[in-house]
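Since the structure comes first, as structure tokens, the remarks are kept for the end.
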Number of protein chains: 2
Amino acid sequence: MSIQIGIVEDQARIRENLKTRLGFFEEIEIVLEAENADNALQQLQKFSKLTLPQIILMDIEMPGKSGIEATHIIKKEYPEIDILIQTVFENEDKIFQSIQAGASGYLLKDDPIKKYVDAIKELVNGGAVLSPSIAIKVMKFVKNEQSSKVDKVKEAQEEFSLSDRELEILQGIVEDLTEPQIGEKLFISPHTVRTHIKNIYKKLHVHSRASAVRLAIKRGLAQ
Amino acid sequence: MSIQIGIVEDQARIRENLKTRLGFFEEIEIVLEAENADNALQQLQKFSKLTLPQIILMDIEMPGKSGIEATHIIKKEYPEIDILIQTVFENEDKIFQSIQAGASGYLLKDDPIKKYVDAIKELVNGGAVLSPSIAIKVMKFVKNEQSSKVDKVKEAQEEFSLSDRELEILQGIVEDLTEPQIGEKLFISPHTVRTHIKNIYKKLHVHSRASAVRLAIKRGLAQ
DNA sequence: GTTTACATACCCGATTCGGGGTATTCTTGA
DNA sequence: TCAAGAATACCCCGAATCGGGTATGTAAAC
């Protein structure tokens, strides 16, 4: 039972090349080819549910709708189709937009055809495939999203040159404590709290509690 | 020039198995083997900078320090060493902890040896490698982290039963506009703004701008 | 010794906010 | 028709914040 795939690629030379080379693999059957997204979408309408391609190789840069937009639409109307992006783009924008659109794989155009075949097989088995240079960017993203909370606070504290005391006062602001309440908590006069707040606002370049809270949360100074 | 690797794995049978099978590849040279993290760290101290292994195959579950902890330490003291996790664990906890610790690859123990060799080569070339069933989890994570901003706002708006107008007023609060300024912007009286704010606070269960801003940002109602 | 940063403390007037209310009109759904 | 929600508008008053200042003492670095 061969794997039915589609190829969406605006450049005829590349499309024919892919078709030819993938055609050598008897476990792969090309059932759709399109030169742009709209053409692909039109063709998809003519398939019955049972004969839809299982995987579509999708270019990104095409006239009319981009491959990313097409991915959005296909994943919405045909969720069972897996999209394997094939592209020259290694920049993070395109990578993350593709993932967001629902792509299950991201290969580069200069990856060897063997990699394409392996990827197609993995996708059919419910996995995902990332070219190594893409995988490293994705892992970096994951690492950054999960940076230790403590480290982030320290970094931001340094960025804004806040003293430890000022960070404590800021925490009181974020918790919506009044000046006297912060004073009570830290065993200082409300007047002292007021003075610290003025200094904090100066360092953060804000003029109100609302702004201070917003910045503190967005920049990792508080939760 | 062969690739120098290390193997850290507590189970002797698996360690020997890996060693034997990888030993068949002449582009790979095993220069370190350890039954646990501490042993590996001790051995690493005896290498000169020039002879350190380029890649370490790291198990996760071991007595004493886990492979994840060891990865942390190694990436800190020997940042040029790439860590390839080899493990039975497919759960997200372990995946993300490993990535956070600095691993460049994550393979499963039942992946074929060919995949190990390919992964080793890719890591040396500066890429990263994820087993397909791991890649799909990572991509899901990325997709979730990047959920459409518009969708999130709508969901949260519904969660708090805010009207469209109330959402606009809340945006004005987040932007630190005064009541008269919000009124000017939306062509209504400051009194009207005041009334909307009261309604918003009731729905959000807050009592101040600071709290409203904090909640709005944390819950996706505003940026 | 001097300077800077930090922590502490205080005063004052102006402004805004917050919460207690009041009210009318329009739209939608039962 | 009625009720509820939304949008609009207004009053009152006390509380709290904000920004302009003032000041002293300590510690560390030059």
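Predicted, not measured: the structure shown is a model, and the values here were computed from it. Values below: every heavy atom of this structure, side chains too, minus hydrogens, waters and symmetry copies. Order of the sequence lines sets the chain letters (A, B, ...), proteins ahead of strands, with each chain counted from 1.
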query = Got a salt bridge between A:Lys140 and A:Glu92, using NZ or NE/NH1/NH2 to carboxylate O under 4.0 Å?
reply = no

query = Starting at CD1 of A:Ile182 and ending at C1' of C:dA9, how long is that distance when rounded to a whole Å?
reply = 16 Å

remark   = By nearest-heavy-atom nucleotide on DNA chain D, the more 5' of B:His196 and A:Thr178 is B:His196

request  = Count the heavy atoms of every other residue, nucleotide or ligand shown that sit under 6.0 Å from CD of A:Glu80, and state whether that count exceeds 12.
outcome  = yes

ask   = Below 4.5 Å, heavy atoms only, C-beta onward: do B:Ile81 and B:Ile83 meet side chain to side chain?
value = yes

ask   = Is the backbone of A:Glu9 close enough, under 3.5 Å, to the side chain of A:Arg15 for a donor and an acceptor to pair up by distance?
value = yes

inquiry  = At less than 4.0 Å, is any side-chain N or O atom of A:Thr192 found next to OP1 or OP2 of C:dT8? Yes or no.
reply    = no

message = Heavy atoms within less than 4.0 Å of DNA chain D: which residues of residues 200-212 of chain A have one? Give them sorted by number.
response = A:Tyr201, A:His207, A:Ser208, A:Arg209

key: Check: A:His196 main-chain N/O paired with A:Tyr201 side-chain donor or acceptor under 3.5 Å   = no

request  = Could you tell me whether A:Lys185 and A:Glu175 make a salt bridge, using a distance below 4.0 angstrom between a side-chain N and a carboxylate O?
outcome  = yes

task = Starting from P on C:dT8, measure out to CZ on A:Phe187 and report it in whole angstrom.
result = 12 Å

key: Nucleotide range of DNA chain D lying under 4.0 Å from chain B heavy atoms   = D:dA6 to D:dC11

key: Salt bridge flag under 4.0 Å for residues B:Glu159 and B:Lys203   = no

remark   = B:His191 NE2 to C:dA23 C1', in whole Å, measures 13 Å

ask   = When the distance from NZ of B:Lys198 to P of C:dA23 is rounded to whole Å, what number comes out?
value = 14 Å

task = With DNA chain D as reference, determine whether A:Arg194 or B:Ser189 sits nearer its 5' end, using the nearest nucleotide of each.
result = B:Ser189

message = Does B:Lys94 qualify as a cation-pi partner of B:Phe89, given the criterion of NZ or CZ under 6.0 Å from the six-membered ring centre and within 45 degrees of its axis?
response = yes

note = To the nearest angstrom, the CD-P distance between A:Glu179 and C:dC11 comes to 14 Å

request  = Give a yes or no on whether a salt bridge exists between A:Lys109 and A:Asp59, defined as a side-chain N under 4.0 angstrom from a carboxylate O.
outcome  = yes

request  = Rounded off to whole Å, could you give me the CD-to-P distance for the A:Glu158 and C:dC6 pair?
outcome  = 12 Å

